Amino acid sequence: MPEQRLIDGRDLLPPEPLQLALEELASLAPGEELTMLLRCEPLPLYSILEKNGFSYRSDRKPDGTSEVRIRKA
Amino acid sequence: MQPALSFEQAPPISVPYRFFLTAPVFGAVAGLVLAWFGPVALQSRWSPGALAMTHLIVVDFMLQAMCGSLLQFVAVVAGNNIWRPHLVASLVHPMITAGAVFLATAFLLEQPILFLVAALVFAAALGLFLTVMAIALLRTPARGMSIHILRLAVFGLLVTVALGATLAVTLGLQADAATTWSLLAMINVHVAWGLAGWALMLVIGVSILVVPMFQLTPAYPDWMTRALPAGLFLILCLWSLQLFAPKDTVQAWQSGVALAGMLLAGAYAITTLWLQSRRRRRLTDATFILWRVAMLSLLAFAMSWVIFDLVPQLGDHSRAPLWLGVLALPGVFLSVITGMLYKIMPFLNWLHLQQQGGSAIPPPNMKQMIPEASMRRQMWLHITALGLLLAAVLWPALASTAGLAFFASCIWLEWNLIGAARVYARFRDKIRAAAVAQHGTPPI
């Protein structure tokens, strides 16, 4: 079972969530998944992921939280 | 090793920074104009000094900062690249700067030819800017209320510029504007679209995203993010009908339309203050306080308007519009802009340095970009200047003192922003030097 990594960025000030995501992505192995919880759609992050070989899925939770699941494509 | 990540959405940092670094300079010039003219400038809203100051603030300070922010914000939030942002900025920025100088000088010297030149320069600069922004905002695949509100704001700027250029040409040709529309009605509609349709609409569109994000507040209620811009837009359309009313008559419905607008503005201010009071982390930085000052000023503006409407002895006073002008311009918009610049520039510094240096040379902490103590001191000077400007409307003898305080506040803001730009330049050079040492070529 691959390790689950989680960043809860809901109470962090920008750019802290992005900063933590970059650190985690640097060591994300194939098969591993990084989950981010945010209060907004992280459009700059999506652009970074697309251009750097990561796939992601984003879901909007009923409380307004965006849950972004990221893997190495 | 951190991968070399791409941040292609963001335009080059020089695109927004040229606008941001120019804006406070002209605020300082506006302060000097008031200090020089003294009480004469505050006799009425039509005095050359008051008109010059107003346009130095709205066209140079506000428009510069807002154009720079919009170029950056739309590129990132709308998720698509703006057409040749560097070229657009290189053309639009000097033209707006020159246009503002022509316009302010035209008011000060009452030179008709300068109004014509200003109208021509603004029409060219903002015609290009509006076309590029409209294409980016209409073609974006991104959805959400912020995008809709930004579209409305860009339309608001279009109406403001069209009417402003028409007014400037009218003054330039010394023509009788009343041949088609009443001059006063045109000015009323121009001011309303400029302040509410462009500036306030943009602040609302941006605040829906940045207040919860940078101040960790709950989100704005969904119904409000829909009702507020739609209501404001409808009110502005109704307000514009006065262009077609019989000349030089004040229509009874105008007062009702304006009061509805004040109700909306007040509701937005109260909601923002309420959200701020429910923030999840008790951070009280300069941006937070400046947004609070802006929202309290907006509330005071709406309440003053209602009082002026109910008590004609006050509302008809020649300095009543100046009171509203001080609350709106330095009070609401310059407070918001200053607060946002104190967040945006450190953030952009970080983003661009992160892109260039990666983990090898990590960028400095956000808090190191502009010293917090310096931001707070400038913020208090801004609040003092705002208080003095309001006092000077009541006691014009204070005009020169208020002008000097406002000048000092703008210069300090400029100093802080230059400091942030210098931090960026220093680290960029460090990253380049390290890359040259390692590979023999600087990073792109």
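Chain letters run A, B, ... following the sequence lines, proteins first and then strands; every chain starts at 1. Everything numeric in this text was worked out from a predicted model, so none of it was measured.
- Taking a 6.0 Å sphere around CZ of B:Arg281, one finds it holds more than 12 heavy atoms contributed by other residues, nucleotides or ligands.
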Indicate every side-chain donor-acceptor pair of residues 208-221 of chain B with a distance under 3.5 Å to a residue at least two apart or in another chain.
| unit_1 | atom_1 | unit_2 | atom_2 | d |
| --- | --- | --- | --- | --- |
| B:Gln215 | OE1 | B:Gln276 | NE2 | 2.7 |
| B:Tyr220 | OH | B:Thr272 | OG1 | 2.8 |

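- The contact between A:Leu12 and chain B is made by backbone and side chain atoms together, counting heavy-atom distances below 4.5 Å.
- Here B:Tyr268 pairs with B:Ser207 under the side chain to side chain donor-acceptor pair (under 3.5 Å) rule; sequence neighbours left out.
- Rounding to the nearest 0.5 angstrom, the gap separating the CZ atom in B:Phe347 from the CG atom in A:Leu13 is 11.0 Å.
- Residues B:Arg280 and A:Arg39 have side chains in contact (heavy-atom distance under 4.5 Å, counting atoms from C-beta outward).
- Remark: A:Thr65 pairs with A:Arg10, A:Leu37, A:Lys61, A:Asp63 by the side chain to side chain contact (heavy atoms under 4.5 Å, CB included) rule, at least two apart or across chains.
- Within residues 368-377 of chain B, no residue has any heavy atom less than 4.5 Å from a heavy atom of chain A.
- When the shell of 6.0 Å around CZ of B:Arg422 is examined, it contains 12 or fewer heavy atoms from other residues, nucleotides or ligands.
- For CZ of A:Arg57, the number of neighbouring non-hydrogen atoms (other residues, nucleotides, ligands) closer than 6.0 Å is 12 at most.
- No part of A:Glu50 comes within reach of chain B, as not one of its non-hydrogen atoms sits under 4.5 angstrom from that chain.
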